[in-house]
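Right, one structure below, let's go through it.
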Amino acid sequence: MALYRALIELADDHLVLGHRLSEWCGHAPMLEEDLALSNFALDLIGTARSLYAYAAEVEGKGRTEDDLAYLRSEREYLNCLLVERPNGDFAHTMLREFYFATFMEPFWQAALASSDKVIAGIAGKAMKEMAYHLRHAGEWIVRLGDGTEESAARMQAAVVDLHPYWEELFSGGDCDVLPDRAAIRPAWEASVKAVFAEANLDWPEPVYGQNGGRDGMHSEVLGRMLSDMQYLQRAHPGATW
Amino acid sequence: MALYRALIELADDHLVLGHRLSEWCGHAPMLEEDLALSNFALDLIGTARSLYAYAAEVEGKGRTEDDLAYLRSEREYLNCLLVERPNGDFAHTMLREFYFATFMEPFWQAALASSDKVIAGIAGKAMKEMAYHLRHAGEWIVRLGDGTEESAARMQAAVVDLHPYWEELFSGGDCDVLPDRAAIRPAWEASVKAVFAEANLDWPEPVYGQNGGRDGMHSEVLGRMLSDMQYLQRAHPGATW
Amino acid sequence: EEFLAAFQARIDAEEKIEPTDPMPQGYRRTLIRQIGQHAHSEIVGMLPEGNWITRAPSLKRILALLAKVQDEGGHGLYLYSAAETLGVTREQMTEELHAGKAKYSSIFNYPALSWADMGAIGWLVDGAAIMNQVALCRCSYGPYARAMIRVCAEESFHQRQGYEIMLTLCNGTKEQKEMAQDALNRFWWPALMMFGPHDGDSAHSEQSMKWKIKRFSNDALREKFINATVPQAEFLGLTVPDPDLEWNEEKGGYEHGDINWDEFWRVVKGDGVMNRERVQMRKDAWDNGAWVREAALAHAQKRAAKIAAE
Amino acid sequence: EEFLAAFQARIDAEEKIEPTDPMPQGYRRTLIRQIGQHAHSEIVGMLPEGNWITRAPSLKRILALLAKVQDEGGHGLYLYSAAETLGVTREQMTEELHAGKAKYSSIFNYPALSWADMGAIGWLVDGAAIMNQVALCRCSYGPYARAMIRVCAEESFHQRQGYEIMLTLCNGTKEQKEMAQDALNRFWWPALMMFGPHDGDSAHSEQSMKWKIKRFSNDALREKFINATVPQAEFLGLTVPDPDLEWNEEKGGYEHGDINWDEFWRVVKGDGVMNRERVQMRKDAWDNGAWVREAALAHAQKRAAKIAAE
């Protein structure tokens with residue numbers, strides 16, 4: 001079950017983050033970003049779907065991808081806390097995406113070599129998507145960090161607000177056929193700091209890293225997200241959509 | 001079924017408005033208003049409960065008050081659109097309450113004389129509560145309308161924003177044992193305009209009155225409110241809480 | 001006079017008018033208004049469906065709906081670009097939308113109240129839009145016609161997707177089928193109104209037909225839509241909410257009941273259930289995003305200055 | 001010196017100290033800090049439960065929860081008033097809370113993740129609070145003691161209500177019972193931490209005991225709580241998440257396992273899951289309400305001026 005658990009962690013990360021991004025739909029600062037943010041959401045939820053489908057197969061109890069997404073409670077969701085953070089302003093959203101993609105891109109890169117062919121297959125597609133997210137979000141970090149006084153202040157505020165949440169990316173269930181998450185950390189820190197330097201952003205002093213997501217211990221925002229997302233499935237048990 | 005329907009309309013008005021007010025909990029401009037707003041919510045949801053209980057009895061199909069509140073869909077909710085309007089700022093919330101209470105207070109007053117003893121009983125309690133809501137909200141209308149420049153502007157903006165929604169208060173199912181809603185309109189307009197005069201607020205030009213609530217045709221905000229409210233009941237069908 | 005005649009001759013010869021070609025002021029104005037409205041409709045049209053993305057009932061449906069709404073944003077982009085070839089900026093058009101001066105399709109002032117509306121909007125609203133848009137693929141203004149060709153291909157995919165949602169609901173539980181019927185009840189008449197007033201009452205129609213901005217009359221397109229859609233409703237096992245709907249053997253098409261034009265004009269003029277909220281949402285998005293757009297501009301300038309200095 | 005001795009004599013004689021009585025600076029400061037913290041705890045404590053009011057699963061539960069949260073607001077009011085008798089304003093105390101200078105009970109930095117938490121918070125958190133508060137009813141400072149008497153009556157009602165929620169869940173479906181066990185698992189240790197550090201590590205304890213601001217030691221109250229609560233958990237059929245918990249026949253009470261004081265201090269210092277959000281929410285409410293408070297003041301002044309002019 002180590003593989004099942006690791007797949008669920010990853011799938012939940014992708015679904016929750018994709019859901020957050022989809023909340024932007026129609027509300028972005030410019031039309032181009034409406035398209036980019038829905039693109040991000042599409043990629044993430046698409047990957048989540050593949051991961052849930054594979055998790056369901058690995059579990060072997062006849063559950064479907066939708067059962068896993070729609071019929072687990074908040075306490076059964078294993079996403080890290082970073083991805084459930086509210087959208088905040090555009091700076092917060094882009095930073096959250098940047099942190100996530102800076103982790104996932106090398107993760108999938110490494111997963112290409114997995115002995116598990118399904119995982120290698122998912123990785124091939126996801127890696128390219130994450131490289132795009134990383135580039136697009138990274139460009140915004142620089143633009144906003146080195147834009148106007150207001151945008152620099154907002155970008156730096158986002159950095160401070162999300163500082164307790166990035167460490168948890170490197171935690172989670174080990175399993176043979178998936179890359180070691182902790183091993184990615186040095187490269188992650190180096191990449192992030194390089195972009196911060198370009199963006200004139202300060203890397204804050206260390207703080208206590210919030211975690212608990214991998215044990216289903218979330219903050220209060222996830223429950224509301226799930227009640228929204230799962231409502232129809234819950235209101236019509238067993239229906240096909 | 002005219003009585004059942006009329007009771008549901010009233011119950012939905014009270015529950016939805018009470019739910020909106022309960023969203024303020026812990027977020028009011030001062031502690032005293034946190035208490036006042038939860039008081040309003042308590043009164044309204046309390047009355048809703050009595051009305052649902054009686055509606056369930058009148059219907060005679062063995063449904064309970066909670067079945068009526070938690071297991072009807074958005075399209076089955078018959079509240080007027082005014083009560084589902086989002087809280088907006090404190091001026092919007094107080095004006096919505098003021099409009100509602102200025103209608104309900106004389107309504108319950110008239111219902112005291114109902115030949116239906118259950119209704120007369122509900123009216124006796126509700127009338128006093130509404131008189132308090134009316135007074136408290138009315139005082140805020142005056143305070144904000146005749147306070148600072150900012151508060152006057154916000155209060156007037158609330159008046160404009162809610163202008164399409166008050167007329168629907170006077171619509172809804174007729175039935176023998178409940179007061180005629182339309183008959184209350186002249187007194188309502190006179191009371192509201194008197195308070196507006198004291199508050200230096202302008203009564204806007206007539207606009208097309210939005211309605212449809214009594215036919216279950218709502219705006220998009222009610223669905224989200226219900227998915228939040230009903231989630232647990234929907235997720236655990238048949239459980240007792 | 002001479003110029004107008006020469007222009008009309010080009011139109012009559014089915015030549016495409018291109019951005020740098022001379023054109024009458026009225027032609028330009030009409031197109032700017034129409035393409036702008038069309039672009040705004042795509043953008044505002046993202047909102048009712050956007051309202052259900054986070055509540056879509058399966059992963060597959062989330063993805064399909066997201067992709068659809070994204071396509072609408074893309075259509076908005078092509079269309080703003082087409083309008084810009086006529087000498088108006090996207091910013092100007094956006095401001096007119098926010099000021100309530102520019103219109104958009106009235107259908108988006110109706111609320112999306114249930115999941116079935118995602119079906120009905122795709123099936124009926126996109127279906128009606130396609131009728132108009134297919135005709136516009138042959139519009140005399142080149143950039144508009146070309147934008148429409150791209151749009152049409154995607155729209156017909158959306159329409160099938162919407163119909164498939166309806167089909168799934170109609171094959172589902174009793175509640176699901178009721179949801180589907182209810183959505184049809186609410187969207188049928190507004191969809192018919194999408195074609196605009198009857199030909200006799202349509203303000204700009206005649207000149208637009210002459211200029212081949214418009215190629216079919218409102219009523220003709222509406223009938224075509226009805227004839228295509230009624231059998232689809234029957235296949236779903238749903239009832240079209242028009243007691244006067246009747247097959248007319250002679251003309252080989254349906255006769256429909258009276259359209260409530262009071263409602264149509266009321267909603268056009270701003271008094272639909274959702275008009276205020278739709279415009280407010282767009283305005284809020286724009287205003288809340290101002291600092292982002294300013295930062296992007298400031299950064300680009302800094303960058304250009306740096307490159308110039310090197 | 002003489003004054004301090006005389007003051008201590010009054011305390012020892014169980015006389016109540018009243019606002020206008022002379023009192024040592026340290027006594028005043030300690031009380032201001034403690035009553036302020038206590039008031040803030042009531043106010044911040046509204047938030048985790050407020051998070052579930054709109055999702056409470058029956059009308060009866062909505063009403064009970066609303067009433068409970070309202071009571072907490074009321075307690076906050078009494079307590080701020082009691083603190084104000086010592087020469088500090090509610091505004092000052094509020095600003096200290098928002099600046100992160102004033103503390104509040106750490107328990108409210110844990111999230112309320114399920115409906116069962118509404119049970120666990122009432123049962124355990126209010127239960128632990130009562131242990132402290134009953135003792136405070138005999139506190140040497142009159143206004144605080146009297147506020148506590150009012151508070152205690154309501155708190156014990158809340159505690160019973162919370163227990164009743166747990167009981168309903170434990171008699172319910174398998175999922176409901178799991179929800180209850182999970183809530184107990186998450187709130188047990190934080191509830192034990194509510195009594196503060198072990199007696200040996202408690203900074204202000206000794207002087208507070210002497211001044212009869214505090215009447216029982218942290219550990220004594222904690223044990224009393226455990227002894228009262230463990231049988232209640234057994235009655236519910238739930239397992240207290242402490243493998244080292246053991247009945248000690250000799251002392252007639254339970255021995256408990258080690259408390260994670262690192263976690264305690266971390267959360268006290270601001271690094272619990274919800275610290276940032278709790279304070280931010282209070283700050284936002286305060287800031288967003290500034291215009292309302294200003295308007296109320298401006299209106300009152302206008303009114304007073306009008307009356308004076310008449």
Side-chain angles (χ1 to χ4, degrees), chain B residues 15 18-39 41-42 45-46 48-49 52-53 64-66 68-70 89-91 94 139-140 142-152 154-155 199 225 228-233 235-236 238-241, chain D residues 39 42-63 65-67 69-74 76-77 80 90 94 114-115 165 168-169 171-173 175-176 179 281-282 284-303:
Chain B
L15 179 59
H19 194 277
R20 279 284 183 241
L21 290 167
S22 78
E23 292 169 3
W24 270 102
C25 185
H27 307 285
M30 57 191 87
L31 198 41
E32 287 79 357
E33 290 309 305
D34 258 317
L35 301 185
L37 292 169
S38 21
N39 226 30
L42 277 167
I45 299 172
R49 199 180 164 196
Y52 284 129
T64 66
E65 59 185 48
D66 286 328
L68 292 176
Y70 286 89
D89 65 11
F90 192 69
M94 279 297 162
E139 283 168 5
W140 273 110
V142 173
R143 241 176 246 135
L144 298 177
D146 185 27
T148 61
E149 214 172 298
E150 180 180 5
S151 73
R154 282 176 180 265
M155 198 65 242
M225 177 194 285
D228 193 50
M229 185 178 105
Q230 298 181 338
Y231 180 75
L232 270 178
Q233 280 271 357
H236 301 269
T240 302
W241 299 95
Chain D
E42 297 284 353
I43 302 310
V44 176
M46 295 168 78
L47 298 173
E49 289 167 308
N51 185 40
W52 283 90
I53 289 176
T54 60
R55 289 181 283 175
S58 75
L59 294 171
K60 189 183 112 187
R61 294 293 182 201
I62 300 180
L63 291 170
L65 192 56
L66 253 173
V69 176
Q70 192 190 33
D71 284 347
E72 288 161 2
L77 263 188
Y80 283 127
R90 204 210 293 183
T94 301
S114 81
W115 171 251
I165 289 175
T168 305
L169 293 173
N171 290 331
T173 65
E175 286 79 12
Q176 285 177 307
M179 215 184 260
M281 263 189 204
R282 288 308 314 162
D284 288 347
W286 187 251
D287 294 346
N288 293 337
W291 69 273
V292 177
R293 296 190 303 275
E294 284 158 20
L297 199 67
H299 180 76
Q301 286 166 347
K302 280 188 198 178
R303 200 151 187 147

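Quick note on labels: first sequence line is chain A, next is B, and so on, each numbered from 1.
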Is it the side chain or the backbone of B:Ala69 that comes within 4.5 Å of chain D heavy atoms, both, or neither?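 Contact with chain D: side chain only.
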What part of B:Asp34 gets within 4.5 angstrom of chain D, counting heavy atoms only: side chain, backbone, both, or neither?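 Looking at B:Asp34, just its side chain touches chain D.
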Any idea which heavy atoms bring [X] and [Y] closest together, and the distance?
| X | Y | result |
| --- | --- | --- |
| B:Pro29 | D:Gly289 | CB-CA, 3.6 Å |
| B:Arg49 | D:Leu63 | CD-CD1, 3.8 Å |
| D:Gln70 | B:Leu35 | NE2-O, 3.0 Å |
| B:Gly26 | D:Arg282 | O-NH1, 2.7 Å |
| D:Thr173 | B:Ala239 | CG2-CB, 4.1 Å |
| D:Ala56 | B:Tyr70 | O-OH, 2.6 Å |

When [options] are compared by non-hydrogen pairs under 4.5 Å with chain D, the top option:
| options | value |
| --- | --- |
| B:Glu32, B:Arg20, B:Met225 | B:Glu32 |
| B:Trp24, B:Phe90, B:Tyr231 | B:Phe90 |
| B:Leu144, B:Asp146, B:Ile45, B:Leu15 | B:Asp146 |

Say you draw a straight line from [atom1] of [X] to [atom2] of [Y]; how long is it, rounded to the nearest 0.5 Å?
| X | Y | atom1 | atom2 | result |
| --- | --- | --- | --- | --- |
| D:Asn288 | B:His27 | CG | NE2 | 10.5 Å |
| B:Glu33 | D:Arg293 | CD | CZ | 11.5 Å |
| B:Gln233 | D:Arg55 | CD | CZ | 14.5 Å |
| D:Leu169 | B:His236 | CG | NE2 | 9.5 Å |
| D:Met179 | B:Leu232 | CE | CG | 6.0 Å |

Donor-acceptor contact present, side-chain B:Arg143 to main-chain D:Leu297, <3.5 Å: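 Here the side-chain-to-backbone pair does not exist.
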Would a distance-only check, ignoring hydrogens and angles, find a side-chain to backbone donor-acceptor pair under 3.5 Å from B:Asp66 to D:Leu59?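 Between the backbone of D:Leu59 and the side chain of B:Asp66 there is a qualifying donor-acceptor contact (under 3.5 Å).
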Structural part of [X] lying under 4.5 Å from a heavy atom of chain B:
| X | result |
| --- | --- |
| D:Leu77 | both |
| D:Ile165 | neither |
| D:Arg61 | side chain |
| D:Val69 | side chain |
| D:Gln176 | side chain |

Among the options [options], pick out the one with the most heavy-atom pairs lying under 4.5 Å from chain B.
| options | answer |
| --- | --- |
| D:Ile53, D:Thr168, D:Thr54 | D:Thr54 |
| D:Gly73, D:Ala290, D:Ala298 | D:Gly73 |
| D:Gly50, D:Ser114, D:Gly76, D:Ala67 | D:Ala67 |
| D:Arg90, D:Gln301, D:Met46, D:Glu72 | D:Arg90 |

Contacts of type side chain to side chain contact (heavy atoms under 4.5 Å, CB included), residue B:Asp89, not counting sequence neighbours: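 Checked B:Asp89 against side chain to side chain contact (heavy atoms under 4.5 Å, CB included); matches are B:Ala91, B:His92, B:Arg154, D:Trp291.
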Among residues at least two apart in sequence or on other chains, which ones pass ring-ring contact (aromatic ring centres under 6.0 Å, His included) with D:Tyr80?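 Scan of D:Tyr80 (ring-ring contact (aromatic ring centres under 6.0 Å, His included), adjacent residues dropped) gives D:His40.
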